[in-house]
Structures are given as structure tokens and as C-alpha cells.
Amino acid sequence: MKIILVGYMGSGKSSIGQQLATRLNYTFKDLDTAIESSEGANVTTIFSEKGEIYFRKKENTVLKELISSSENIVLATGGGTPCYGNVMELLLSEEDCVTVYLKGSVAVLTDRLFLEKEKRPLISHLETKELLNDFIRKHLFERSYYYNQASLKVDIDDASIEGIVEAILLKLL
Ligand code: S3P
């Protein structure tokens, strides 16, 4: 079985994924980390030296490698992963994959991302919280079309990581 966490940057895919994997006794995988080790460079460097299109192609290839393994995994995707090519369609068609959308509001995502935007090339240039908020509102609206296709949806705004993990476990039963 593969539990695939999707959602906007800052929605907690990696921290929630790690705890969920521990609870299920599955292996945790992080797509950005897998791309970084395959490229020998971090996401910011890949974006600046090779461009976003290169990153998206690599993201697609590494995702396919990860979901083709026979291992039980919890996979934290990148915020853009399900929004390019036919990724969402592919994930929904794989019998052993369950997609989970970690749904955050624009306000909560803005607060979180303002503190950690430097390592995210798509938003690192946005100087003020207002600019970041405007960007996220529009971007999340566009991406929600893909995120909302996930099999399960969990709200992240008012819950702790433990609470979100419990909510996912309950929905998986
Ligand atoms: C991206 C999200 C990032 C990373 C890259 C692009 C996006 O992952 O893949 O910076 O397009 O939303 P996180 O969602 O883990 O920040």
C-alpha cells in the first residue's frame, strides 16, 4: 500500500507523513529529498541552475520510481507534484495508492510559509506577508482543482500533527 500526501507548500506533508509512517510501520519517503539525492543538489539550486521545467520532469520520473516499488510507503509529495502532467490521474488509477489531501486555509498557509519561504523558490522573492497572501490565494485556487481529486481530505488548520495523523488513520480504516 502507498499513502500519498498531497497539498500546498506548508501543509505539513513531511512532518505528518513521518508520523503516519511510524504509526503504520511503513517506510517514509519524501519526494523533494529523493529528487535532491538523485540530482546531488537542493531544490533551490535545481530551480536556479536548471529551471522549473527540468525540476518538474525530474519530479515526475522520481515519483514514478517511488510508486513502482513493492514497499509499503507513506510519500510526502511536493506542493506542485499532482498539478503537472497526468500525475493525479496516474495516482488515482494505481490500485495500491491512496491519495490524501492535507487542506490548509490561505491564512494558515501564509503564516507558516512567511517564516520558511527562503527554501522555496516559488515564493522566496515575495517580500511582505500581504504579497505572499495574494500569491497563495491565487495559486491555491488554481491548484485546488487537482488537490480536491484526492481520495481523502483532512483539514489541517486547527489540529496538531498527532490529531491529523489520527484523522487520517480513521479515514484509512
Ligand atoms: C513546490 C513545492 C516544494 C518543492 C518545490 C516546488 C511547489 O515542496 O517541491 O519548491 O510547486 O509547490 P513542498 O510542498 O514540500 O514545499
So does [Y] get a backbone contact from the side chain of [X], meaning a donor-acceptor N/O pair under 3.5 Å?
X: K2; Y: S69; answer: yes
X: E36; Y: V43; answer: yes
X: D155; Y: D157; answer: no
X: S124; Y: K117; answer: no
X: R137; Y: A107; answer: no
X: R120; Y: E116; answer: yes
X: N148; Y: S144; answer: yes
X: Q149; Y: Y145; answer: yes

Quick one: are [X] and [Y] in side-chain contact, heavy atoms under 4.5 Å?
X: Y147; Y: L140; value: yes
X: I156; Y: K103; value: no
X: L169; Y: L24; value: yes

Quick one: do the [X] and [Y] side chains pair a donor with an acceptor below 3.5 Å?
X: E59; Y: T81; answer: yes
X: T44; Y: K119; answer: no
X: N60; Y: R56; answer: no

Checklist entry - Can you check side-chain contact (heavy atoms from CB on, under 4.5 Å) on S151 and V100, steps first, answer last? => result CA-CA 6 Å; S151 318; V100 183; over 6 Å; no
Report the distance from atom [atom1] of [X] to atom [atom2] of [Y], rounding to the nearest 0.5 Å.
X: S15; Y: I161; atom1: OG; atom2: CD1; answer: 4.0 Å
X: E65; Y: S38; atom1: CD; atom2: OG; answer: 7.0 Å
X: L126; Y: L113; atom1: CG; atom2: CG; answer: 10.5 Å
X: I4; Y: L63; atom1: CD1; atom2: CG; answer: 6.5 Å
X: I16; Y: I3; atom1: CD1; atom2: CD1; answer: 13.5 Å
X: K29; Y: S14; atom1: NZ; atom2: OG; answer: 14.0 Å

Next on the checklist: Once you measure the plane-to-plane angle for F47 and F55, does it fall in the parallel (<30°), tilted (30-60°) or perpendicular (>60°) bin?
Outcome noted: tilted
Checklist entry - Should L31 and L122 be regarded as members of a common hydrophobic cluster, given that ILVMFWY residues are connected when their side-chain heavy atoms come within less than 4.5 Å of each other, either directly or indirectly? => result yes
Checklist entry - In the single-linkage hydrophobic clustering (I, L, V, M, F, W, Y; side-chain heavy atoms under 4.5 Å), do F114 and V108 co-cluster? => result no
Item to check | Working for side-chain contact (heavy atoms from CB on, under 4.5 Å), residues Y26 and I73 | outcome: CA-CA 5 Å; Y26 281 17; I73 62 168; 5.7 Å; no
Checklist entry - What closest approach, in Å, do F28 and A21 show between heavy atoms, and which atom pair accounts for it? => result CB-CB, 3.7 Å
Checklist outcome for this item: Heavy-atom closest pair (A150 atom, T99 atom, distance to 0.1 Å) is CA-OG1, 3.3 Å
Next on the checklist: One pair to check against side-chain contact (heavy atoms from CB on, under 4.5 Å): E52 and Y84. What are the steps and the verdict?
Outcome noted: CA-CA 12 Å; E52 183 174 355; Y84 290 86; 3.3 Å; yes
Checklist entry - Between Y54 and I46, does a side-chain contact (heavy atoms from CB on, under 4.5 Å) hold up when you go through it step by step? => result CA-CA 8 Å; Y54 178 89; I46 304 170; 3.9 Å; yes
Checklist entry - Do K13 and D30 pass the salt bridge (charged side-chain N to carboxylate O under 4.0 Å, His left out) test, and can you show the C-alpha distance, the side-chain angles, and the key distance before you say yes or no? => result CA-CA 9 Å; K13 300 178 292 291; D30 184 280; over 6 Å; no
Next on the checklist: Which residue in the set V6, L66, V87 passes side-chain contact (heavy atoms from CB on, under 4.5 Å) when paired with T77?
Outcome noted: V6
